[in-house]
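Report on the following structure.
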Amino acid sequence: RVLVMDFGSQTAQLIARRVRDQNVFCQIVRCDLTADRIKELNPKGLILSGGPASVYSEGAPRVDPGVFELGIPILGICYGMQLMCHLMGGEILPAESREFGRAACSSKNSNRLFNGLPETFNAWMSHGDQVGSLDGMFEVIASTKTCANAAIQHKDRPIYGIQFHPEVTHTEFGAQLLSNFVRDICGCSGAWRISSLIEQEKQIIRDKVGNNRVICGLSGGVDSSVVAALIAETIGDQLSCIFVDNGLLRKGERDQVEKNFTEHFKTDLHVVDARDRFMNELAGVDDPQKKRKIIGKVFIDCFRDEAKSIENAKFLAQGTLYPDVIESGANPDGPAATIKSHHNVGGLPEELGFELIEPLRDLFKDEVRRMGLELGLPEEMVWRHPFPGPGLAVRCLGEVTEERLSIIREADAILIEELYAAGLYRDIQQAFVVLLPVQSVGVMGDARTYENVAAIRAIESEDFMTADWFPFPHDVLQRISTRIINSVRGINRVVYDISSKPPSTIEWE
Ligand code: XMP
């Protein structure tokens with residue numbers, strides 16, 4: 001595997017993903033790991049990420065200079081390159097101005113790093129400082145107009161530095177360059193596959209679980225479904241799944257989960273019908289935060305009650321993903337915690353007393369999807385848009401009632417059907433209907449109507465931290481609107497939400 005040392009870069013995760021695209025396993029570690037620890041971890045290569053600091057600023061992150069003596073191939077990107085040169089005697093020029101954007105980069109000689117790349121290619125720059133003079137140890141292997149030392153190589157060691165960012169798609173041939181580094185220079189075989197990971201995780205699960213029973217909470221979403229499918233394949237009837245029907249689900253969601261996990265995976269599935277319990281607790285509540293709190297609490301109560309009825313259960317399986325692990329700071333070798341902008345409702349508290357199994361903790365979302373497909377989960381489940389823990393309750397603005405939920409469910413199903421029909425479902429990362437607590441006047445036939453307004457939300461997003469509204473073709477919007485107004489009783493007006501995040505959020509509550 002290859003390790004990415006993180007100097008606070010916004011693209012450290014992207015670097016790791018791009019390396020994994022080369023079928024090479026890659027993990028992100030903190031930048032202050034000692035050379036001894038790195039040696040113990042025994043990576044085939046190291047990538048030093050970019051970062052916002054200047055090597056001269058106080059408290060700028062450093063790396064143990066011992067890593068340069070380990071004989072492991074190293075690629076420094078942007079700040080990573082500057083730091084490397086700085087520690088090995090080169091001179092870093094403070095920024096007079098920032099360079100940001102594409103620059104034509106020409107490689108000076110045929111270097112292994114640039115194998116298969118044209119002599120000149122567009123590289124994406126985003127830096128202030130740059131490497132000025134090189135100490136005698138390095139030689140220049142590529143330049144741009146404004147950056148003489150755009151890429152460098154150590155004269156006797158497999159240590160490289162590049163000022164540009166090969167991990168972003170704006171850099172042409174970035175994938176080829178990373179492949180040259182990890183496959184050719186580091187000698188990684190490129191044999192890392194989802195299928196080998198599945199086998200590896202199965203073995204870990206078997207060793208850990210023994211004859212005990214594992215509980216897995218299903219939500220209908222892709223992460224928990226993949227966890228359950230993986231464990232079901234590994235230990236069969238030692239797995240019990242709990243699915244809490246809180247009455248706040250999308251149309252057909254419960255049926256789909258039941259069908260998959262009783263027919264296909266033949267799991268011991270406990271469906272807790274808690275619809276009345278949730279509705280009773282939510283009656284009369286219209287404050288968004290209160291709704292969330294109630295739903296979170298009732299969910300945990302229901303889950304706990306059901307879990308008690310399952311004998312011998314020692315483990316709880318959860319669909320924690322790699323980005324959550326990175327952001328939580330939970331891994332001692334991983335980078336420090338960052339603050340998440342929202343908290344998931346539906347997370348289970350530690351005091352439930354189970355030992356955790358988290359077989360997806362090394363995976364990015366797209367890898368989880370690939371794993372799901374490989375395990376035989378249906379496409380529509382694997383590609384399903386994310387759905388918040390509090391479900392339709394946060395899309396039913398104001399008080400949640402059965403009647404309003406059923407209006408949303410019908411309208412939402414039409415929206416999703418039309419997205420599939422238009423071939424747009426996968427271009428959009430999340431789309432749903434919000435029922436507003438507003439009535440407006442309309443006319444149907446000869447009669448005046450006074451009914452609800454529904455808003456459509458559809459967004460494009462990489463990571464759900466920022467998002468843009470989707471630029472729908474007008475005819476698709478028109479079909480969605482006409483079908484909803486004609487066939488969903490209770491809605492006489494449809495509006496489209498054209499707000500980006502920030503400043504708006506994706507959900508309305
Ligand atoms: P916002 O509305 O914060 O949403 O822009 C970002 C993403 O998170 C989902 N979301 C939630 N997921 N529990 C969840 O499990 C929640 O309480 C929650 N609130 C928002 C939202 O659907 C979007 O994908």
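FYI, the numbering just counts along the sequence from 1. Counting convention: from 1, in listed order, for ligands and their atoms alike. All values derive from a computational prediction rather than experimental measurement.
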Find all atoms of ligand 1 within a distance of less than 4.0 Å from any non-hydrogen atom belonging to Arg292, and give their numbers and elements.
16 (C), 17 (O), 18 (C), 19 (N)
Judging by distance only, is a nitrogen or oxygen of Lys501 under 3.5 angstrom from one on ligand 1?
yes
Verify the distance criterion only: is there a donor paired with an acceptor across the side chains of Asn452 and Arg404 at less than 3.5 Å?
yes
Which option wins on minimum heavy-atom distance to atom 14 (C) of ligand 1: Gly391, Gly389, Gly296?
Gly389
With only distance considered, is Phe387 within less than 3.5 Å of ligand 1 through an N or O on each side?
no
From atom 24 (O) of ligand 1, work out which of Glu509, Gln430, His385 has a heavy atom at the shortest distance.
Gln430
Side chain, backbone, both or neither: Pro390 near ligand 1, heavy atoms under 4.0 Å
side chain
Counting both backbone and side chain atoms, is some N or O of Pro388 under 3.5 Å from an N or O of ligand 1?
no
Any side-chain donor near an acceptor of the partner, Glu167 and Thr11, under 3.5 Å
yes
Could you list the donor-acceptor pairs under 3.5 angstrom formed between side-chain atoms of residues 214-236 and any protein atom two or more places apart in sequence or on another chain?
from: Ser219; atom 1: OG; to: Gly221; atom 2: N; distance (Å): 3.0
from: Ser219; atom 1: OG; to: Ser224; atom 2: OG; distance (Å): 3.3
from: Asp223; atom 1: OD1; to: Lys365; atom 2: NZ; distance (Å): 3.1
from: Asp223; atom 1: OD2; to: Lys365; atom 2: NZ; distance (Å): 3.2
from: Ser224; atom 1: OG; to: Ser219; atom 2: N; distance (Å): 3.0
from: Ser225; atom 1: OG; to: Gly221; atom 2: O; distance (Å): 2.6
from: Glu233; atom 1: OE1; to: Lys202; atom 2: NZ; distance (Å): 3.0
from: Thr234; atom 1: OG1; to: Leu230; atom 2: O; distance (Å): 2.6

Are a donor atom and an acceptor atom from the side chains of Thr320 and Arg361 found within less than 3.5 Å of each other?
no
Is any NZ, NE, NH1 or NH2 atom of the basic residue among Arg17 and Asp366 found under 4.0 Å from an Asp or Glu carboxylate oxygen of the other?
yes
Within 45° cone of Phe243 ring axis and under 6.0 Å: Arg254 NZ or CZ:
no
